[in-house]
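Numbered from 1 within each chain, the chains take letters A, B, ... in sequence-line order. Because only heavy atoms are used, hydrogens play no part in the values below, and waters and symmetry mates are left out as well, while side chains stay in.
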2 protein chains.
Amino acid sequence: MNTVFKALNDPTRREILQLLQERDMTAGEIVEQFTISGPSISHHLDLLKQANLVIAEKEGQYVYYSLNTTVVDEILKWFMQFKPKKK
Amino acid sequence: MNTVFKALNDPTRREILQLLQERDMTAGEIVEQFTISGPSISHHLDLLKQANLVIAEKEGQYVYYSLNTTVVDEILKWFMQFKPKKK
DNA sequence: TTAATATTTAGATATTTGTCTAAATATATA
DNA sequence: TATATATTTAGACAAATATCTAAATATTAA
C-alpha cells in the first residue's frame, strides 16, 4: 500500500493514469502530453511501475505503458474498511 | 483530491484513520498509540483535517477526533474510473 | 557502420515533508 | 488565582521528492 499511495501522491502521475485509462501509450507519447522533461516523466513512470499501477512492455525501440487494473481492486478494498458498517 | 492523497501518503496517518474507524478518540489518546511526539501527531491530525478525512470537535480541554466517512465515497468514485469497462 | 530516434540513468539542486524540542494557548482544578 | 493538563504553534533540521541537464543505452534506418 505504501508504494501505491506514494505513486498516487502527485498530480502528474494521476494524470498519467487517466491518460492510460483511455489507451495504452508509449513513453514518448506520454511525454508529449506534459510540459515537463522526458527524464522527469520517465521517473514518474518508474514510480507507477513500482506501485504496480502500470505495466511497461518494450516493443522495438518503444516502450508501451498500460494500466494495471488489478491493483485498483486492492485499493478499493482498502478504502472499503472506512465505509460505515450497515445498520 | 490533492490534499486527500497527500494525507494518505503516510503510514502514521493511515494508522490514525484505522484507529478512528474503531472509535472516536481525543488527540491525547491517539498520541498514546504511537511512539512519536505529541506535536508530530498534532501535525498529522491537521493534515487529515485539511483533507476532510477527520473532524475535530473541542470538548472542554479535550479535542475529539472522528472519521469523516463522506469523503470516502468521493475517493471510491475517483478510483472507479480505473475499473475496466464492462463487456 | 554511422546517424537518428526513443528511453532511461546519473548527478545536481530547490522544495517539501516528518520529526523534534521549546513555547504558547486553553481549559480545569486546588 | 496559581497550577496542572491537553493541545497546538513556532522554529530548526535531516531526509525525501520533483525537477532539470548531460550522458548512457538500445533500436532502427541510411
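Backbone-only engagement by Asp10(A) is indicated by non-hydrogen atom pairs under 4.0 Å involving sugar-phosphate atoms exclusively. Among the protein residues, Leu47(A) comes within range of the sugar-phosphate backbone only, with heavy atoms under 4.0 Å from sugar or phosphate atoms but none that close to a base. Counting any heavy atom pair closer than 4.0 Å across all strands shown, His43(B) reaches a base atom. Contacts of Tyr64(B) with the nucleic acid, taken as non-hydrogen atoms under 4.0 Å apart, are absent.
For the pair Asp46(A) CG and dA18(D) P, the computed distance is 12 Å after rounding to whole Å. The distance from atom CG of Leu45(A) to atom P of dT17(D) is 17 Å, rounded to the nearest whole Å. Nucleotide dT7(D) holds its P atom 16 Å from the CG atom of Leu48(B), rounded to whole Å. In this structure, Ile41(A) atom CD1 and dT21(D) atom P are separated by 13 Å, rounded to whole Å. If you measure from atom CZ of Phe5(B) to atom C1' of dT17(D), you get 18 Å, rounded to the nearest angstrom. Rounded to whole Å, atom C1' of dA6(C) lies 12 Å from atom CD of Glu32(A). In this structure, CG of Asn9(A) is placed 10 Å from C1' of dT17(D), rounded to the nearest angstrom. The distance from atom OH of Tyr62(A) to atom P of dT5(C) is 10 Å, rounded to the nearest whole Å.
When the side-chain nitrogen and oxygen atoms of Ser37(A) are compared with OP1 and OP2 of dC20(D), one or more of them lie within a distance under 4.0 Å. At dT17(D), none of the side-chain N or O atoms of His44(A) fall inside 4.0 Å of OP1 or OP2 (strictly under the cut-off). Contact between the side-chain N/O atoms of Lys58(A) and the OP1/OP2 oxygens of dT7(C) is not found at any separation under 4.0 Å. Note on Thr26(A): a side-chain N or O is less than 4.0 Å away from OP1 or OP2 of dT7(C). For the pair Ser40(B) and dT19(C), the criterion of a side-chain N or O lying under 4.0 Å from OP1 or OP2 is not met. The phosphate of dT8(C) (OP1 or OP2) has a side-chain N or O of Tyr65(A) nearer than 4.0 angstrom.
Take the nearest nucleotide of DNA chain D for Glu59(A) and for Ala27(B): the residue whose nucleotide is more 5' is Ala27(B).
If you check the side chains of Gln21(B) and Gln81(A), you find no donor sitting under 3.5 Å from an acceptor.
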One pair to check against ring pair (Phe, Tyr, Trp, His ring centres under 6.0 Å): Phe79(A) and Phe79(B). What are the steps and the verdict?
CA-CA 10 Å; Phe79(A) 278 107; Phe79(B) 279 108; 5.4 Å; yes

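Here the nucleotide nearest the side chain of Gln61(A), chosen from dA6(C), dA18(D), dG18(C), is dA6(C). Set against dT19(C), dA18(D), dT8(C), the side chain of Arg13(A) has dA18(D) as its closest nucleotide.
Tyr62(B) and Val54(B) fall into different hydrophobic clusters, where Ile, Leu, Val, Met, Phe, Trp and Tyr side chains are chained together by heavy-atom contacts under 4.5 Å. Residues Leu67(B) and Trp78(A) share a single hydrophobic cluster, defined by chaining ILVMFWY side chains whose heavy atoms lie under 4.5 Å apart. Under a hydrophobic-cluster definition in which Ile, Leu, Val, Met, Phe, Trp and Tyr are linked whenever side-chain heavy atoms come within less than 4.5 Å, directly or via other members, Tyr64(A) and Val31(A) are assigned to different clusters.
Of the possible polar contacts, none joining the Asn9(B) side chain to the Asn9(A) backbone as a donor-acceptor pair under 3.5 Å is found.
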